[in-house]
Amino acid sequence: MPMPDVTPVPLSTLTTLRTGGTPTALIDAATTDELVGALRETWASGDEWLVLGGGSNLFVGDEPFEGTVVRVRTTGIERLPSPRPGYVRLRVQAGHNWDELCAYAVSAGLAGLEAMSGIPGTVGAAPVQNIGAYGQEISQTLVEVDLLDESTGEVSTVPASELGLGFRTSVFKHHYGSAPLRRAVILTVTFEAAEVGHEKREVVGAQLRAALGLQAGHPVSLEWIREHVLAVRRSKGMVLDDADPDTYSAGSFFQNAVVSASFARTLPDECPRWPLAPDVDPVTIIPLAAYDGVVAPPPSVVSDVKVSAAWLIEHSGLRKGFKLPRSRAALSTKHALALTNRGQGTAAELAELARFIQGRVQSEFGLVLQPEPVLVGVEL
Ligand SMILES: Cc1cc2nc3c(=O)[nH]c(=O)nc-3n(C[C@H](O)[C@H](O)[C@H](O)COP(=O)(O)OP(=O)(O)OC[C@H]3O[C@@H](n4cnc5c(N)ncnc54)[C@H](O)[C@@H]3O)c2cc1C
C-alpha cells in the first residue's frame, strides 16, 4: 500500500505549545488501514517514530526530529449495544476530535463525558494520560481500546483494566508511572455511556458542582453542563483559540502534586488539596444476578493526597503572566499552571521558564513539580 506521506512541516505548526523542529518524514493516516500500514512500515525500518494527534499534550524540542511522525486522522463514531441495561457503547476512531465526541454524546442524551467538554486533542490520545476535568475522567467510562503493539505488530483489544490508568497516566505515557511502558498505538476507543436523555438531573460529583457553582439537589441537563463547562474553561484559556495567546499552551504544564498525607500536613493550610480517588458520589450497586450473599469490602483508604500545583506556583511568588527577562515564554495571564508561548518562542525558552518555576516551588515548599505533557527531544 502506498504510504500517505506529506511534506514534513515543523512540529511547531502541529503542536499547541507551538514548538518543535521538522521531522524527517510526516505521514497523515486517514484510515485504520493506512495507520496500521504506516506504523508497520516505519517500525520495520527501525527509525525513530512519534504518533501525533492534536499535538496538545506535547512539548517538543527545537532540534529536527530525526524520525517519522505519523499523524492520526481517522474519524467516526459507532453506536453499539451494551450488555448493561440503560447504557450504550460508543466505539470511536482514534483521530476523532475529542470535543466533537463530547458534543455528540451530549446531543444524544448520553452521560459520562460532558464534564470533559472542551479538552483539546483526539480520542486516541485520551487514554494516554487518562484525561479528565472537574472530577470526571475517562477511566470512569472507558471499556477497552483496540491497539497495535510495536513489539508484535499485531492488533489486539485490551480492556481498560489493563491500561494502568491513574491520575494523568497510563501504560502509554513515556516519562513516569509505575506500570511498565507499552509501546503501542491506539486505533479505536470504546466508551460506555448512560442513556439519561435531555431531562434535568442532579449533577454527580462535588468537584463538578463546585466548578459550575451548583448546590447539591439542583438539577440541570447535560447540555447545560457542557455549555457551562466550556464557558468556565474559556475564562481560563483552557479552550484552544487562535486569537488568544493564553491558549498557546499544553494545558496544565505541571501536574497537581501527589504527596503523602504526612507531607501534605507540612504545607500551608490554605493550599488546596483533594483525595486521590476520582470524585464520584459513593454508590455501590451489585446486580442481583451477581449477588452471592457477600457484600464487597469498603474500598481501601488511600492516604495520598493531590495538592494544587497552581497554588504552589502562585505562592512561590510567581504571578499569572510571569516571564523571565527577554523571554517569549510566560505563564498564562488567566491560569498559573499553563506555560504559554507568546509567539515564536522556542522550546529552550519554555524549558528555561519551566525549570525556573520548578526551582522556586522546590525551594519554597520542598517538592519538585512534574511536567504533565509528553516531552520529546527536550529535557527539564
Ligand atoms: C488549552 C488546553 C487545555 C487542556 N486541558 C486538559 C484537561 O482539562 N484535562 C486533560 O486531561 N488534558 C488537558 N489538556 C491536554 C491535552 O488536551 C490532552 O492530553 C489530550 O488528550 C491530548 O490529545 P492530542 O490528540 O492533542 O495528543 P498529542 O499531543 O498529539 O499526543 C500526546 C501523547 O499521546 C500520544 N498519542 C497520540 N495519539 C495516540 C494514539 N492514537 N495512540 C497512542 N498514543 C497516542 C503521543 O505520541 C503523545 O505521546 C489540555 C491541553 C490544552 C492545550
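Both counts, for ligands and for their atoms, begin at 1 and track the order of listing. One-based numbering along the sequence shown.
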Please verify whether a non-hydrogen atom of [X] lies at under 4.0 Å from ligand 1.
X	result
Met116	no
Arg168	yes
Ala184	yes

Judging by distance only, is a nitrogen or oxygen of [X] under 3.5 angstrom from one on ligand 1?
X	answer
Thr122	yes
Leu52	no
Gly55	yes
Gly251	no
Thr16	no

Report task. Kindly assign one of parallel, tilted or perpendicular to the pair Phe322 and Phe356, based on the angle between their ring planes and the thresholds 30° and 60°. Result ->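 Rings of Phe322 and Phe356: parallel, under 30°.
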Query raised in the report: Counting N and O atoms only, with roles assigned by atom type, does the side chain of Asn130 sit under 3.5 Å from a partner on the main chain of Gly166, one being a donor and the other an acceptor?
Result: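 Yes; judged by distance alone, with no hydrogens or angles, the pair exists.
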Query raised in the report: Would you say the side-chain atoms of Trp43 pair up with the backbone N or O of Trp49, donor to acceptor, closer than 3.5 Å?
Result: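 No; judged by distance alone, with no hydrogens or angles, the pair does not exist.
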Query raised in the report: So which bit of Glu137 gets within less than 4.0 Å of ligand 1, heavy atoms only: side chain, backbone, both or neither?
Result: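 For Glu137, there is no contact with ligand 1 at all, from either part.
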If you take the nearest heavy atom of each of [options], which one is closest to [atom]?
atom	options	result
atom 23 (O) of ligand 1	Ala29, Ser170, Ala125	Ala125
atom 20 (C) of ligand 1	Pro373, Ala133, Pro120	Pro120
atom 29 (O) of ligand 1	Asn57, Val128, Val123	Asn57

Query raised in the report: Is the number of heavy atoms from other residues, nucleotides or ligands under 6.0 Å of Glu63 CD greater than 12?
Result: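 Result for CD/Glu63: open.
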Query raised in the report: If you count the non-hydrogen atoms of other residues, nucleotides and ligands that lie under 6.0 Å from CD in Glu66, is the total more than 12?
Result: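 No.
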Requested in this report: Check Arg342 against Leu331 and note the closest heavy-atom contact, atom names and distance.
Outcome: NH1-O, 4.4 Å
Requested in this report: Indicate the atoms forming the closest heavy-atom contact of Ala354 with Leu380, along with that distance.
Outcome: CB-CD2, 3.8 Å
Query raised in the report: Looking at Lys236 and Asp244, does any basic side-chain N land under 4.0 Å from a carboxylate oxygen?
Result: no
